[in-house]
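A quick write-up on the structure given underneath.
Worth knowing before you read on, the calculation uses all heavy atoms, side chains too, and leaves out hydrogens, waters and symmetry mates.
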Amino acid sequence: QVQLAESGGASVQAGGSLRLSCAQSGYSYASRCMGWFRQAPGKEREAVAGLYTAGRDTYSADSVKGRFTISVDNNKRTLYPQMNDLKSEDTAMYFCAASDGGSWCIPDILQLRTFNYWGQGTQVTVQG
(Lines give C-alpha, C1' and ligand atoms only; values in the text may rest on other atoms or scores of the structure.)
Protein backbone atom coordinates (compact mmCIF):
# COMPACT_ATOMS: atom_id res chain seq x y z
CA GLN A 1 0.00 0.00 0.00
CA VAL A 2 1.26 3.48 -0.87
CA GLN A 3 0.53 6.45 1.36
CA LEU A 4 0.89 10.01 0.11
CA ALA A 5 1.02 13.19 2.19
CA GLU A 6 0.97 16.62 0.60
CA SER A 7 2.17 19.80 2.23
CA GLY A 8 3.03 23.37 1.30
CA GLY A 9 -0.32 24.78 0.32
CA ALA A 10 -0.80 28.46 1.08
CA SER A 11 -2.42 31.70 0.06
CA VAL A 12 -0.20 33.75 -2.26
CA GLN A 13 -0.45 36.85 -4.40
CA ALA A 14 -0.83 36.59 -8.17
CA GLY A 15 2.56 36.42 -9.82
CA GLY A 16 4.08 34.69 -6.82
CA SER A 17 5.62 31.24 -6.45
CA LEU A 18 4.96 28.21 -4.32
CA ARG A 19 6.50 24.76 -3.95
CA LEU A 20 4.39 21.87 -2.78
CA SER A 21 5.69 18.56 -1.48
CA CYS A 22 4.35 15.04 -1.59
CA ALA A 23 5.97 12.46 0.67
CA GLN A 24 5.45 8.82 -0.23
CA SER A 25 5.55 5.99 2.28
CA GLY A 26 4.65 2.35 2.07
CA TYR A 27 6.12 -1.09 2.22
CA SER A 28 8.07 -0.74 -1.01
CA TYR A 29 9.41 2.00 -3.22
CA ALA A 30 9.05 0.87 -6.80
CA SER A 31 9.51 3.00 -9.89
CA ARG A 32 6.09 4.33 -10.82
CA CYS A 33 4.29 7.30 -12.26
CA MET A 34 3.56 10.15 -9.91
CA GLY A 35 1.53 13.21 -10.62
CA TRP A 36 -0.18 16.29 -9.40
CA PHE A 37 -3.82 17.02 -10.02
CA ARG A 38 -6.02 19.89 -8.90
CA GLN A 39 -9.69 20.49 -8.34
CA ALA A 40 -11.37 23.87 -8.04
CA PRO A 41 -14.82 24.25 -6.48
CA GLY A 42 -17.51 23.10 -8.87
CA LYS A 43 -15.02 21.75 -11.38
CA GLU A 44 -13.67 18.33 -12.25
CA ARG A 45 -10.27 17.17 -11.10
CA GLU A 46 -7.65 17.89 -13.75
CA ALA A 47 -4.06 16.97 -14.38
CA VAL A 48 -1.29 19.43 -13.65
CA ALA A 49 1.94 17.51 -14.21
CA GLY A 50 3.45 14.06 -13.95
CA LEU A 51 6.62 12.03 -14.24
CA TYR A 52 7.93 8.50 -14.10
CA THR A 53 10.23 8.22 -11.08
CA ALA A 54 12.91 6.29 -13.00
CA GLY A 55 12.72 8.46 -16.11
CA ARG A 56 13.95 11.87 -17.20
CA ASP A 57 10.90 13.29 -18.91
CA THR A 58 8.19 15.33 -17.27
CA TYR A 59 4.72 16.00 -18.58
CA SER A 60 2.59 19.09 -18.00
CA ALA A 61 -0.89 20.27 -18.83
CA ASP A 62 -1.06 23.08 -21.37
CA SER A 63 -2.50 25.43 -18.74
CA VAL A 64 0.69 25.33 -16.66
CA LYS A 65 3.44 24.83 -19.24
CA GLY A 66 6.22 27.34 -18.79
CA ARG A 67 5.07 28.12 -15.23
CA PHE A 68 5.05 24.83 -13.32
CA THR A 69 7.79 22.23 -13.15
CA ILE A 70 7.79 18.84 -11.44
CA SER A 71 10.66 16.87 -9.95
CA VAL A 72 11.26 13.92 -7.66
CA ASP A 73 13.85 13.13 -5.01
CA ASN A 74 13.94 9.34 -4.97
CA ASN A 75 16.16 9.26 -1.88
CA LYS A 76 13.56 11.22 0.05
CA ARG A 77 10.63 9.61 -1.77
CA THR A 78 9.24 13.09 -2.28
CA LEU A 79 7.62 14.71 -5.28
CA TYR A 80 7.80 18.46 -5.80
CA PRO A 81 5.93 20.77 -8.09
CA GLN A 82 7.45 24.22 -8.39
CA MET A 83 4.73 26.69 -9.30
CA ASN A 84 5.75 30.10 -10.64
CA ASP A 85 3.81 33.08 -11.96
CA LEU A 86 0.69 31.92 -10.17
CA LYS A 87 -2.66 33.13 -11.43
CA SER A 88 -6.08 33.32 -9.81
CA GLU A 89 -7.22 30.42 -11.97
CA ASP A 90 -4.61 28.23 -10.28
CA THR A 91 -6.65 28.39 -7.08
CA ALA A 92 -7.63 24.82 -6.22
CA MET A 93 -7.06 21.86 -3.97
CA TYR A 94 -3.91 20.12 -5.19
CA PHE A 95 -3.62 16.36 -4.96
CA CYS A 96 -0.62 14.08 -5.26
CA ALA A 97 -1.14 10.73 -6.95
CA ALA A 98 0.83 7.56 -7.58
CA SER A 99 0.31 4.62 -9.90
CA ASP A 100 1.11 0.98 -9.36
CA GLY A 101 4.74 0.14 -10.05
CA GLY A 102 6.10 -0.14 -13.56
CA SER A 103 6.49 2.00 -16.68
CA TRP A 104 3.16 0.96 -18.23
CA CYS A 105 1.65 4.17 -16.91
CA ILE A 106 3.67 6.59 -19.03
CA PRO A 107 1.37 6.86 -22.09
CA ASP A 108 -1.53 7.95 -19.86
CA ILE A 109 0.43 9.86 -17.26
CA LEU A 110 -1.96 12.84 -17.27
CA GLN A 111 -5.07 10.71 -16.92
CA LEU A 112 -6.86 10.19 -13.61
CA ARG A 113 -7.45 6.51 -14.40
CA THR A 114 -3.69 5.87 -14.32
CA PHE A 115 -3.45 6.51 -10.60
CA ASN A 116 -4.60 4.26 -7.76
CA TYR A 117 -3.18 6.13 -4.78
CA TRP A 118 -4.12 9.64 -3.72
CA GLY A 119 -3.23 12.06 -0.99
CA GLN A 120 -5.71 14.16 0.99
CA GLY A 121 -4.84 17.37 -0.84
CA THR A 122 -3.42 20.75 0.04
CA GLN A 123 -5.14 24.06 -0.69
CA VAL A 124 -3.56 26.71 -2.90
CA THR A 125 -5.26 30.10 -3.08
CA VAL A 126 -4.02 32.83 -5.42
CA GLN A 127 -5.24 36.32 -4.65
CA GLY A 128 -5.30 39.38 -6.88
Side-chain angles (χ1 to χ4, degrees):
Q1 186 72 15
V2 176
Q3 288 88 40
L4 303 171
E6 303 98 334
S7 61
S11 179
V12 298
Q13 293 294 315
S17 298
L18 198 62
R19 189 175 84 154
L20 307 180
S21 298
C22 171
Q24 177 190 343
S25 61
Y27 66 91
S28 65
Y29 187 70
S31 297
R32 64 180 81 243
C33 287
M34 295 192 74
W36 283 93
F37 290 76
R38 66 186 182 186
Q39 188 167 17
K43 294 188 177 181
E44 295 184 351
R45 191 169 297 189
E46 63 177 7
V48 175
L51 55 75
Y52 178 61
T53 58
R56 295 183 178 181
D57 294 330
T58 62
Y59 308 85
S60 300
D62 289 342
S63 59
V64 304
K65 280 182 179 177
R67 301 189 298 122
F68 291 12
T69 58
I70 188 172
S71 62
V72 64
D73 184 330
N74 287 314
N75 290 327
K76 295 182 179 179
R77 299 189 181 186
T78 302
L79 184 72
Y80 303 101
Q82 175 67 44
M83 306 186 294
N84 300 322
D85 189 23
L86 284 161
K87 304 176 180 180
S88 58
E89 52 262 42
D90 295 319
T91 294
M93 184 72 77
Y94 283 71
F95 297 90
C96 177
S99 69
D100 288 324
S103 62
W104 60 270
C105 54
I106 296 175
D108 292 320
I109 200 167
L110 294 181
Q111 301 295 323
L112 272 75
R113 63 175 181 265
T114 299
F115 298 92
N116 287 336
Y117 307 102
W118 294 85
Q120 294 300 308
T122 186
Q123 178 68 37
V124 173
T125 302
V126 184
Q127 299 178 335

Are [X] and [Y] joined in one hydrophobic group, where the rule is that I, L, V, M, F, W and Y side chains link up if heavy atoms are under 4.5 Å apart?
X: Val124; Y: Leu79; value: yes
X: Leu20; Y: Leu110; value: no
X: Ile109; Y: Ile70; value: no
X: Val64; Y: Val126; value: yes

Of all the heavy-atom pairs spanning [X] and [Y], show the shortest one and how long it is.
X: Ser88; Y: Gly128; result: CB-O, 4.0 Å
X: Asp73; Y: Asn75; result: OD1-N, 3.0 Å
X: Ala23; Y: Thr78; result: CA-OG1, 4.1 Å
X: Asp90; Y: Asp85; result: OD2-O, 4.4 Å

Pairs touching residues 58-94 that satisfy ring pair (Phe, Tyr, Trp, His ring centres under 6.0 Å), sequence neighbours left out: none
Considering only distance and modelled atom types, tabulate donor-acceptor pairs under 3.5 Å from the side chains of residues 97-107, sequence neighbours left out.
residue, atom, partner, partner atom, Å
Ser99, OG, Cys33, N, 3.0
Ser99, OG, Cys33, O, 3.4
Asp100, OD1, Tyr117, OH, 3.0
Asp100, OD2, Asn116, ND2, 2.6
Trp104, NE1, Gly101, O, 3.2

Does a side-chain heavy-atom distance below 4.5 Å link [X] with [Y]?
X: Leu112; Y: Phe95; value: no
X: Val2; Y: Gln24; value: yes
X: Gln13; Y: Leu86; value: no

Disulfide bond (SG atoms under 2.5 Å apart) contacts touching residues 48-97 (sequence neighbours left out): Cys22-Cys96
Pairs where residues 105-115 contributes a residue and the test salt bridge (Lys or Arg N to Asp or Glu O under 4.0 Å) is met, not counting sequence neighbours: Asp108-Arg113
Sequence-distant partners of Asp62, salt bridge (charged side-chain N to carboxylate O under 4.0 Å, His left out), two or more places apart: Lys65
Side-chain donor or acceptor of Glu6 paired with backbone N/O of Gly121 under 3.5 Å: yes
Straight-line distance of Leu4 CG to Arg77 CZ, nearest 0.5 Å: 11.5 Å
Nearest-0.5 Å distance, CG of residue Leu18 to CE of residue Met83: 4.5 Å
Test log, rule side chain to side chain contact (heavy atoms under 4.5 Å, CB included), inputs Gln82 and Ser71: CA-CA 8 Å; Gln82 175 67 44; Ser71 62; over 6 Å; no
Side chains of residues 39-53: which donor-acceptor pairs under 3.5 Å do they make with residues two or more places apart or in other chains?
residue, atom, partner, partner atom, Å
Gln39, OE1, Arg45, NE, 3.3
Gln39, OE1, Arg45, NH2, 3.4
Gln39, NE2, Lys43, O, 3.1
Glu46, OE2, Arg38, NE, 2.7
Glu46, OE2, Arg38, NH2, 3.2
Thr53, OG1, Arg32, N, 3.0
Thr53, OG1, Arg32, O, 3.3

